[in-house]
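Since the structure is predicted, the reported quantities are computational estimates derived from the model, not experimental observations.
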Amino acid sequence: MKILFINKFLHPNGGSETYIFGLGEALVKMGHEVQYFGMEHEGRAVGNRAESYTSDMDFHGGGLQKLLYPFKIIYSAEARKKLRPVLQDFAPDIVHLNNINFQLTPSVIDEVRAFEKKSRKPVRIVFTAHDYQWVCPNHMLMIPRTGKPCFACRGGRFGNCTKNRCIHGSFVKSLLGTLEADFYRWRRTYGKVDRIICPSAFMKKQLDTDPLLADKTLVLYNFVPEAGEKEDCGSSAKRDAAWNRLREHLPDRYVLYFGRFSAEKGVETLLKVCKRMPDVPFVFAGTGPLHEEVSQADNIHNVGFVTGEALRKLIAGAAFSLYPSEWYENCPFSVMESQAYATPMIASDLGGIPELLHDGVTGELFPAGDEAALGEKIRKLWEQPALCAAYRENCKKIKFDTAEEYCGKIIEQVYVCR
């Protein structure tokens with residue numbers, strides 16, 4: 001088969017990119033042909049034979065170009081135009097959508113269906129839901145400026161996004177998000193997709209609130225990425241040297257947080273807890289808006305952004321790891337990776353997390369945002385190495401799909417199933 005992945009970012013940026021890179025590599029190994037379409041970027045890691053991509057859109061920049069963004073984020077004529085030669089050259093059997101809203105827009109769905117009609121070649125459109133964008137204009141099921149979970153927009157009541165200023169706290173941006181959601185609901189655009197992969201039962205439950213999507217969804221949990229990804233390329237000697245440099249600065253025993261340093265990930269709450277536990281050495285691996293706050297904490301060693309084999313060893317060497325997210329996570333790789341590398345985890349109880357972490361077996365859950373509960377859990381595991389060891393043994397019994405195993409399921413259940 002010929003599979004075209006469409007995603008706004010074609011460089012390492014987050015979970016959806018980890019997903020499409022890992023899945024694409026596995027499909028190629030199985031003998032399928034894979035290409036990619038999205039924004040051009042200096043760090044672009046994958047592409048297409050037609051060398052056609054949309055321009056890079058940076059919503060945090062300025063200038064004249066930014067004034068045109070409100071018109072582009074609802075419906076992108078550029079995305080359709082740039083996708084056209086890719087479809088004509090590659091003629092895919094499957095178009096696999098991922099994160100497309102705002103930078104690419106669902107206009108790409110219209111272009112695929114137009115190509116199908118003109119070429120008379122059936123094209124199956126598949127979508128993996130990495131967030132809640134299709135039922136929540138700000139994609140997070142929360143009001144960011146208050147930090148409170150929210151389901152007000154379900155059922156198509158998207159005006160609540162504007163009312164609560166859910167996008168960057170801005171009335172104008174939230175209004176645009178509302179207009180975008182209403183526009184595609186009115187046009188029934190998402191109904192043109194054949195199958196929707198939900199990486200958690202929680203995600204499926206949310207999308208099923210829209211009758212247009214309900215009969216298209218299925219649950220398929222993510223795979224665990226292999227250690228030694230593209231970002232960590234090079235000889236084994238170089239990889240070992242990178243790990244050795246990192247290890248020199250690590251405490252003998254530490255508690256690990258790895259991921260984005262941001263409020264929705266619960267890092268603000270975690271920082272408050274860390275400050276009250278000066279005797280516990282914490283290691284933070286990642287980057288994000290709260291970088292300065294993380295770096296200033298006395299008992300936190302910030303090792304920055306770590307990938308590949310070095311990250312695997314960092315996770316495996318921790319006494320236990322933390323995932324205090326305060327939004328409805330879907331199927332976070334971090335929760336799976338920690339357990340896959342036999343490291344117990346303390347995680348919040350929101351979204352799809354409880355579907356991945358076995359409370360009291362491979363780690364422990366706590367109420368999201370509860371500083372006292374998080375502190376108690378950390379103290380409990382830190383002072384009970386025997387309990388951590390028991391959780392570690394249980395982690396070794398957990399089996400998550402590899403990319404190849406996941407590929408087998410997706411081909412059988414999604415790509416060729418009609």
Would a 4.5 Å heavy-atom cut-off, applied to side chains only, mark Leu83 and Ile6 as touching?
yes
For Asp215, does the CG atom sit with more than 12 other heavy atoms under 6.0 Å from it, leaving out its own atoms?
yes
What distance separates Phe366 CZ from Lys377 NZ, expressed to the nearest 0.5 Å?
9.5 Å
Rounded to the nearest 0.5 angstrom, the CD1-CD distance for Ile346 and Glu376 is 11.0 Å
Count the heavy atoms of every other residue, nucleotide or ligand shown that sit under 6.0 Å from NZ of Lys117, and state whether that count exceeds 12.
no
Less than 4.0 angstrom from a charged side-chain N to a carboxylate O is my criterion; do Glu40 and Arg44 meet it?
yes
To the closest 0.5 Å, what do you measure between OG1 (Thr128) and CG (Leu220)?
8.0 Å
Give a yes or no on whether a salt bridge exists between Glu78 and Lys81, defined as a side-chain N under 4.0 angstrom from a carboxylate O.
no
Flag the pair Arg154 and Asp210 as a salt bridge only when some basic side-chain nitrogen lies within less than 4.0 angstrom of an acidic carboxylate oxygen.
no
Would you say the rings of Tyr328 and Phe151 are close, in the sense that their centroids are separated by under 6.0 Å?
yes
Taking Lys380 first and then Glu364, would you say they form a salt bridge - that is, a charged N and a carboxylate O separated by under 4.0 Å?
yes
Between the CD1 atom in Ile94 and the CD1 atom in Ile125, the distance rounded to the nearest 0.5 Å is 10.0 Å
Side chain to side chain contact (heavy atoms under 4.5 Å, CB included) against Glu268, all qualifying residues, sequence neighbours excluded:
Ala263, Leu290
Would you please classify the geometry between the Tyr19 ring and the His130 ring as parallel, tilted or perpendicular, with 30° and 60° separating the classes?
perpendicular
Using 4.0 Å as the upper bound for N to carboxylate O, is an ion pair formed by Glu326 and Lys265?
no
Which class fits the ring pair His11 and His41: parallel under 30°, tilted 30 to 60°, perpendicular over 60°?
parallel
Does a side-chain heavy-atom distance below 4.5 Å link Ile378 with Leu374?
yes
Could you check whether atom NZ of Lys121 has more than 12 heavy atoms from other residues, nucleotides or ligands sitting under 6.0 Å from it?
yes
Using the side chain to side chain contact (heavy atoms under 4.5 Å, CB included) rule, take Tyr221 and Leu356 through it: C-alpha gap first, then chi angles, then the decisive distance, then the call.
CA-CA 9 Å; Tyr221 294 102; Leu356 302 175; 4.0 Å; yes
Determine the interplanar angle of the Phe282 and Phe284 rings, folded into 0 to 90°, and report it as parallel if under 30°, tilted if 30 to 60°, perpendicular if over 60°.
perpendicular
Could you walk me through whether Ser325 and Ser348 pass the side chain to side chain donor-acceptor pair (under 3.5 Å) check?
CA-CA 6 Å; Ser325 188; Ser348 57; 5.1 Å; no
Determine the interplanar angle of the Tyr190 and Trp134 rings, folded into 0 to 90°, and report it as parallel if under 30°, tilted if 30 to 60°, perpendicular if over 60°.
parallel
Determine yes or no for a side-chain-to-main-chain donor-acceptor pair under 3.5 angstrom, with Thr343 supplying the side chain and Ile315 the backbone.
yes
Does Lys163, at its NZ atom, have more than 12 non-hydrogen atoms belonging to other residues, nucleotides or ligands within less than 6.0 Å?
no
Cys198 and Met203 have their tightest heavy-atom pair at CB-CG, 3.8 Å
Exam field: side chain Arg392 to backbone Thr362, donor-acceptor pair closer than 3.5 Å:
no
Is there side-chain contact between Pro332 and Met336, with heavy atoms separated by less than 4.5 Å?
no
Which word best sums up how the rings of Tyr132 and Trp327 line up, parallel for under 30°, tilted for 30 to 60°, or perpendicular for over 60°?
perpendicular
In terms of heavy-atom contacts, Leu381 and Leu387 come closest through CD1-CD2, 4.2 Å
Are any of the side-chain nitrogens in Lys275 or Asp298 under 4.0 Å away from the carboxylate oxygens of its partner?
no
Could you check whether any side-chain heavy atom of Thr105 comes within less than 4.5 Å of a side-chain heavy atom of Ile100, counting everything from C-beta outward?
no
With heavy-atom distances below 4.5 Å as the criterion, would you say the side chains of Asp110 and Tyr75 are in contact?
yes
Quick one, Ile300 with Val283, criterion side chain to side chain contact (heavy atoms under 4.5 Å, CB included). Give me CA distance, side-chain angles, the key distance, then yes/no.
CA-CA 6 Å; Ile300 295 177; Val283 173; over 6 Å; no
Mind running side chain to side chain contact (heavy atoms under 4.5 Å, CB included) on Leu256 and Leu314 for me, showing each step along the way?
CA-CA 8 Å; Leu256 175 67; Leu314 184 66; 3.9 Å; yes
Should the ring pair His96 and Tyr415 be called parallel, tilted or perpendicular, given that the plane angle runs from 0 to 90° and is split at 30 and 60?
perpendicular
Output all residues satisfying side chain to side chain contact (heavy atoms under 4.5 Å, CB included) with Glu33, sequence neighbours left out; order by chain, then residue number.
Lys2, Gln35, Arg49, Phe90
Parallel, tilted or perpendicular, judged at 30° and 60°: which one describes the rings of Tyr53 and Phe37?
parallel
Taking it one step at a time, do Phe202 and Asn330 satisfy side chain to side chain contact (heavy atoms under 4.5 Å, CB included)?
CA-CA 7 Å; Phe202 182 84; Asn330 183 11; over 6 Å; no
When rounded to the nearest 0.5 angstrom, what is the spacing between CG in Asp208 and OG1 in Thr217?
3.5 Å
Sequence neighbours excluded, which residues qualify as salt bridge (Lys or Arg N to Asp or Glu O under 4.0 Å) partners of Asp401?
Lys409
